[in-house]
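Beneath this line is the structure, given in structure tokens, with notes to follow.
Starting from 1, each residue takes its place in the sequence as its number.
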Amino acid sequence: MSSQIAGVLQLLALIAALGLAYRPLGDYMARVYSSEKHYTPEKWIYKVIGADPAAEMRWPAYLRGVLAFSAVSVLFLYLMQRVQGSLPGSLGFSSIDPDQAFNTAASFVANTNWQSYYGEQAMGHVVQTGGLAVQNFLSAAVGMAVAVALVRGFARSRTGELGNFWADLVRGTVRILIPVSVIGAIVLVACGAIQNFSGIHQVGQFMGGTQEWNGGAVASQEAIKELGTNGGGYFNANSAHPFENPNPLSNLFEIFLILLIPFALTRTFGRMVGSLKQGYAILGAMAVIWIGFTALMMWTEFAHRGPAFEIAGGAMEGKETRFGIAGSSLFAVATTLTSTGAVNSFHSSYTGFGGGITMLGMQLGEIAPGGVGSGLYGMLIMAVIAVFIAGLMVGRTPEYLGKKIGTRQITFAACYLLITPALVLGFTAVAMALPTPGDSMTNSGAHGFSEILYAYTSGANNNGSAFAGLNADTQWFNTTIGIAMLLGRFVPMVFVLALGGSLAEQKPVPETAGTLRTDKPLYAGLLVGTILIITGLTYFPALALGPLAEGLAS
């Protein structure tokens, strides 16, 4: 069997598995966020934090809950790293420096999981499991909560209330993320991933020195790392490390976990707004982009250009032989079209066009299918923009799901779209203009520019993957990427919740013969075109200086 056919079969198996899980998981999540019942463990949590889960919140109060909780999380994780040297289970590692501790705390709370350190050489068991793994659950639950609040804005009328943030946070964690992660961890252990709290062991000689490895609760962290589209690895090699991702079966299962909730949330959306066809339209747009990017990535990485590629069967540099080009390409597209950021290969070693595909996937806004929660609300923002454009074309007031899209709504949507590109392009320009950041580049020319563009694209879009080759463990990059991660995560949420509140206040507009049918394939096609055109106009000049220039020159 050829590698190309094996890749197609893996893709088909992945689609089949996602299809089987789509309906039950999507319906279950809709019931979770619509239920008025509170389980006993949830009541204990509400009592400890002093929250009333039955109290409805308008969007400013919901936003204050998101920001306050996230700020406390950043502070807690920062302090935990700063005192690591005094904690039990630190494996002898010292406390983390202030700039790196800030970067890591911002990264994990923002669901980015950008790592400028070697996990197995810097973080002990307590910080890994009690700090980083906990934030893997909580940051994912925050994104899901914000998405559900926006969906309620479409579903409700004549009220500005979007639900209760604390109830959404707790339910998302207790009823969705924890149970699925437990199952995922068991599967990964069965596949060969490690799960222990062992210390550091010498495992032999390597290049004239002693090689050492430490164990850890890897399988459990790997499960929520992928399921919550977090991406931070227990080890520096991330999902290329055999302790995290032992074989092709575990690799395909991890890709399944990455895509599971983001795709299923479209079913949740359709169920909550009372029209499953609306959810199918969003799902269709996501699926077209994902499959298209996957096909392009496989084509460019399998393409035989030169004797080295002919011998290897494609671009194998930087890829694990146990995954091959197909498994690596599938993983790379899944992790950059979502906010996961996990890697099972070095994206810097991909072909020029292949590296550009990973960058473009993040620059789309990670909405196909995107991160848990963030992918859905990002796609709904684009749906509002597409409806607005269609309304301008026919001279009719734009409507979406029975809600008018007026000046206020389109302003919120436009502000959401402008935040991330401003952060990415602004920080990249400053880093390239200053002399010191350029010293961190391993490569010069177009590839060196791609390293820095990728870093800020990954940070501001809350992805967390690295191009490899850029030394980001400097005060400049730790600080600026940390700021980009926080602003790229929480400023857009302001406009998402404001949009949800403004929609919830409206009364429904009756459907007429002139109403644009947003549950049809024609609209899904318009949505895909809108996404690609807006992204292309925004990022094409920067991409032309980096991956496109490198690809055309090779």
Side-chain angles (χ1 to χ4, degrees), residues 1-23 25-26 184 187-188 191 226-227 229 231 239-240 245-267 280 282-304 312-316 318-345 347 350-351 353-358 360-362 364 366-371 375 465 524 528 531-532:
M1 181 185 298
S2 69
S3 299
Q4 290 90 337
I5 294 176
V8 172
L9 292 177
Q10 287 184 61
L11 178 60
L12 293 176
L14 184 59
I15 292 173
L18 292 169
L20 290 173
Y22 176 75
R23 180 172 180 174
L25 180 59
V187 173
L188 288 174
C191 288
E226 312 295 15
L227 180 70
T229 60
S239 291
N245 192 4
N247 51 55
L249 178 60
S250 65
N251 187 67
L252 196 62
F253 179 69
E254 289 186 15
I255 300 171
F256 169 77
L257 288 179
I258 291 171
L259 301 172
L260 179 61
I261 291 179
F263 272 131
L265 275 174
T266 61
R267 172 86 180 188
Y280 292 147
I282 298 297
L283 172 65
M286 289 179 172
V288 166
I289 296 174
W290 171 59
I291 293 175
F293 270 57
T294 301
L296 283 173
M297 179 65 85
M298 285 192 179
W299 173 77
T300 189
E301 294 304 299
F302 273 119
H304 296 169
M316 274 300 297
K319 299 179 178 70
E320 290 290 323
T321 55
R322 66 183 188 275
F323 305 139
I325 294 173
S328 301
S329 298
L330 272 172
F331 203 103
V333 171
T335 196
T336 51
L337 275 177
T338 65
S339 63
T340 310
V343 294
N344 72 348
S345 55
H347 294 177
Y350 278 53
T351 62
F353 290 134
I357 291 170
T358 61
L360 183 60
M362 294 183 287
L364 289 182
E366 297 175 324
I367 52 178
S465 63
V528 171
I531 293 167
L532 296 177

Compare every heavy atom of [Y] with every heavy atom of [X], then report the nearest pair and how far apart it is.
{"X": "Met362", "Y": "Ser465", "result": "SD-OG, 4.1 Å"}
{"X": "Leu252", "Y": "Ala13", "result": "CD2-CB, 4.4 Å"}
{"X": "Ser339", "Y": "Gly371", "result": "OG-CA, 3.3 Å"}
{"X": "Met298", "Y": "Gly7", "result": "CE-O, 3.8 Å"}
{"X": "Pro248", "Y": "Arg322", "result": "CG-O, 3.0 Å"}
{"X": "Gly327", "Y": "Ile255", "result": "O-CD1, 4.2 Å"}

(message) Can you classify the ring geometry of Trp290 versus Phe263 as parallel (below 30°), tilted (30 to 60°) or perpendicular (above 60°)?
(response) perpendicular

Rounded to the nearest 0.5 Å, what's the gap from [atom1] on [X] to [atom2] on [Y]? Could you check?
{"X": "Glu226", "Y": "Leu188", "atom1": "CD", "atom2": "CG", "answer": "8.0 Å"}
{"X": "Leu337", "Y": "Met286", "atom1": "CG", "atom2": "CE", "answer": "10.5 Å"}
{"X": "Leu18", "Y": "Leu25", "atom1": "CG", "atom2": "CG", "answer": "10.5 Å"}
{"X": "Leu330", "Y": "Met297", "atom1": "CG", "atom2": "CE", "answer": "10.0 Å"}
{"X": "Thr336", "Y": "Leu360", "atom1": "OG1", "atom2": "CG", "answer": "9.0 Å"}
{"X": "Thr351", "Y": "Trp299", "atom1": "OG1", "atom2": "CH2", "answer": "8.5 Å"}

(message) Between Glu320 and Ser345, does the side chain to side chain contact (heavy atoms under 4.5 Å, CB included) criterion hold? Intermediate values first, please.
(response) CA-CA 7 Å; Glu320 290 290 323; Ser345 55; over 6 Å; no

With no hydrogens and no angle check, just 3.5 Å: does a side-chain donor-acceptor pair link [X] and [Y]?
{"X": "Thr340", "Y": "Glu366", "answer": "no"}
{"X": "Ser328", "Y": "Glu301", "answer": "no"}
{"X": "Thr300", "Y": "Tyr350", "answer": "no"}
{"X": "Asn245", "Y": "Asn251", "answer": "yes"}

Measure from the side-chain N and O atoms of [X] to the backbone N and O of [Y], and report whether any donor-acceptor pair falls under 3.5 Å.
{"X": "Arg267", "Y": "Tyr280", "value": "no"}
{"X": "Thr335", "Y": "Phe331", "value": "no"}
{"X": "Ser250", "Y": "Asn247", "value": "yes"}

Minimum side-chain heavy-atom gap [X]-[Y] below 4.5 Å:
{"X": "Leu260", "Y": "Tyr22", "value": "no"}
{"X": "Pro369", "Y": "Leu259", "value": "yes"}
{"X": "Ile15", "Y": "Ile291", "value": "yes"}

(message) Quick one, Lys319 with Ile325, criterion side chain to side chain contact (heavy atoms under 4.5 Å, CB included). Give me CA distance, side-chain angles, the key distance, then yes/no.
(response) CA-CA 7 Å; Lys319 299 179 178 70; Ile325 294 173; 4.2 Å; yes

